[in-house]
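Notes to accompany the following structure.
Treat the numbers as computed from the prediction; the structure is a model and nothing was measured. So that the names make sense, note that chain A is the first sequence line, chain B the second, and so on, each numbered from 1.
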2 protein chains.
Amino acid sequence: MIRVLLADDENLIRSALAALLALEEDLEVVAQAASGAEALAMARAHTPDVAVLDLQMPDRDGISVAGELATVLPGCAVVIVTGHGRAGHLKRALEAGVRGFLPKTVSAPVLTDVVRTVHRGGRYVDPELAAEAISAGDSPLTPREADVLELAAGGAPVEEIAARAHLSPGTVRNHLSSAAGKLGAANRHVAVEVARRHGWI
Amino acid sequence: MIRVLLADDENLIRSALAALLALEEDLEVVAQAASGAEALAMARAHTPDVAVLDLQMPDRDGISVAGELATVLPGCAVVIVTGHGRAGHLKRALEAGVRGFLPKTVSAPVLTDVVRTVHRGGRYVDPELAAEAISAGDSPLTPREADVLELAAGGAPVEEIAARAHLSPGTVRNHLSSAAGKLGAANRHVAVEVARRHGWI
DNA sequence: GGCCCTCCATGACAACCGTCATGGAGGGCC
DNA sequence: GGCCCTCCATGACGGTTGTCATGGAGGGCC
């Protein structure tokens, strides 16, 4: 019997996934959590074999939870499930020791199979996402460019970004321009979109 | 026995919800669909009693599907389920004849109860969302302002928006400025964010 | 009809943003 | 040390954007 921890902030989805996993005879959902912090607490309390984490949770993302889980409970394999599959997230997840990475578009049997696979010590990442991650490669943005672009994500004017980053407005414009050029974007706003789509910010 | 149609583009979530509903003795999932068009086709073929539709689907949103369903299959009650609950969407959904409206954060028993409620002819909207919709009120944007703001959503330059809307660039700027003013936004990009958050575009 | 209101459309002006050229700071390599 | 490279920072220039004042079109109301 594989003991599973399930974490997702959307109660309906979490309950539904629990119902789905419970249909399998060799799987048992021993704990559920609605946030990253709760997931860690539940993991300590119930020592599950496999943790299935949603990527997006209100307090912290599933990847940082996975990273902490790797030190707290090394024997527990982690599977990340996400609505929007971004190549950058996959890369960060694998660096954090995640053993399975799936978009929510996969069919139900895939999830149960992946839970079994990672429990046996195997790995699984969605083939389409893997291809995208390989072709996309690393982020072309320098650290400052990524910082500034992130601050620009809310649509803030340049001067406000400059104040927050402790930079001259001219420097901010330059970083934004450089980032937009690297991302093939006509202006910083579409640059933000592109970077988000790739998981680079 | 209540015959249910389930539509959601994320296969995993759809399967999980199906498993959840199948646990209830008085509910039966008679058809599933991964897109709006498929949902309509399935509805014609299987004449379900209740349709549970995701708000966001690749081809068309759940509300437009609900509107068409109301004419094609008047006896079928519609429940909309959504990840991000926006007040504007709720309003549009009710105008389209939707009888139930839920965010995915609700607990599992709520969904099954709502399916039963709408099947009996009742209605249900999430209380928190209802309160937000009432306090938020109608969109303050004029039709043209909403059109132009929607075209600006991708970060396109003004001239491109003007070409698509068959307007002068000056007029486009004016509409954007007016919309931003009404929304309390410093520029059109945050205006887009605000309008999206309220479901006005 | 006459009046008022909102919405739509346009152009002028100032402020903002993207691009360029330039130079300093730090790390890898011979 | 000397060289080269990338990253970071700054200011000047031209195009784009946001704001304002203005006027026409259409609908509701007396």
Using whole Å, report how far CD of E160(A) lies from C1' of dC16(C). 14 Å
Taking atom types as modelled, is there a side-chain donor on E145(A) or S178(A) under 3.5 Å from an acceptor on the other? yes
Using whole Å, what does the distance between atom P of nucleotide dC8(D) and atom CD of E145(A) come to? 7 Å
Round to a whole Å and report the spacing from NE2 of H166(A) to P of dA9(D). 12 Å
Close N/O contacts between protein and nucleotides 24-28 of chain D (under 3.5 Å):
none

Would you check, one step at a time, whether the test salt bridge (charged side-chain N to carboxylate O under 4.0 Å, His left out) holds for K91(A) with E95(A)? CA-CA 6 Å; K91(A) 196 166 289 247; E95(A) 286 166 3; over 6 Å; no
Interatomic distance where NZ belongs to K182(A) and P belongs to dG18(C) [whole Å]: 16 Å
Non-hydrogen atoms of L183(A) and P140(A) that approach each other most closely: CD1-CG, 3.9 Å
CG (L141(B)) and CH2 (W200(B)) are apart, to the nearest 0.5 Å, by 7.0 Å
Check every strand shown and say whether T171(B) touches a base, only sugar-phosphate, or nothing at a heavy-atom separation below 4.0 Å. base
Heavy atoms only: give me the nearest A191(A)-A180(A) pair and the separation to one decimal. CB-CA, 4.0 Å
Would you kindly give the NE2-to-P distance between H175(A) and dC20(C), to the nearest whole Å? 17 Å
So which atom in R14(B) and which in D8(B) form the shortest heavy-atom distance, rounded to 0.1 Å? NE-O, 2.9 Å
As an exercise, state the distance from OG of S15(B) to CG of L20(B), rounded to the nearest 0.5 Å. 12.5 Å
Which atom of A39(A) lies closest to which atom of L53(A), heavy atoms considered: CB-CD2, 4.5 Å
Please give the angle, rounded to 10 degrees, between the axes at the start and the end of the helix from dG1(C)-dC30(D) to dC30(C)-dG1(D), where five pairs define each axis. 30°
Minimum-distance pair of heavy atoms, taken over all atoms of L129(A) and P103(A): CD2-CD, 4.3 Å
Would you list the protein and nucleotides 16-23 of chain D atom pairs, both N or O, that sit under 3.5 Å from each other?
from    : atom 1 : to      : atom 2 : distance (Å)
dT17(D) : OP1    : V158(B) : N      : 3.1
dG18(D) : OP1    : R188(B) : NE     : 3.2
dG18(D) : OP2    : R188(B) : NE     : 3.4
dG18(D) : N7     : R173(B) : NE     : 3.1
dG18(D) : O6     : R173(B) : NE     : 3.4
dT19(D) : OP2    : S177(B) : OG     : 2.7
dC20(D) : N4     : N174(B) : ND2    : 3.4
dA21(D) : N6     : N174(B) : ND2    : 3.2

Any ion pair linking D54(B) and K104(B) (charged N to carboxylate O, less than 4.0 Å)? yes
For the residue pair N187(A) and G155(B), what are the closest heavy atoms and their distance? ND2-O, 2.8 Å
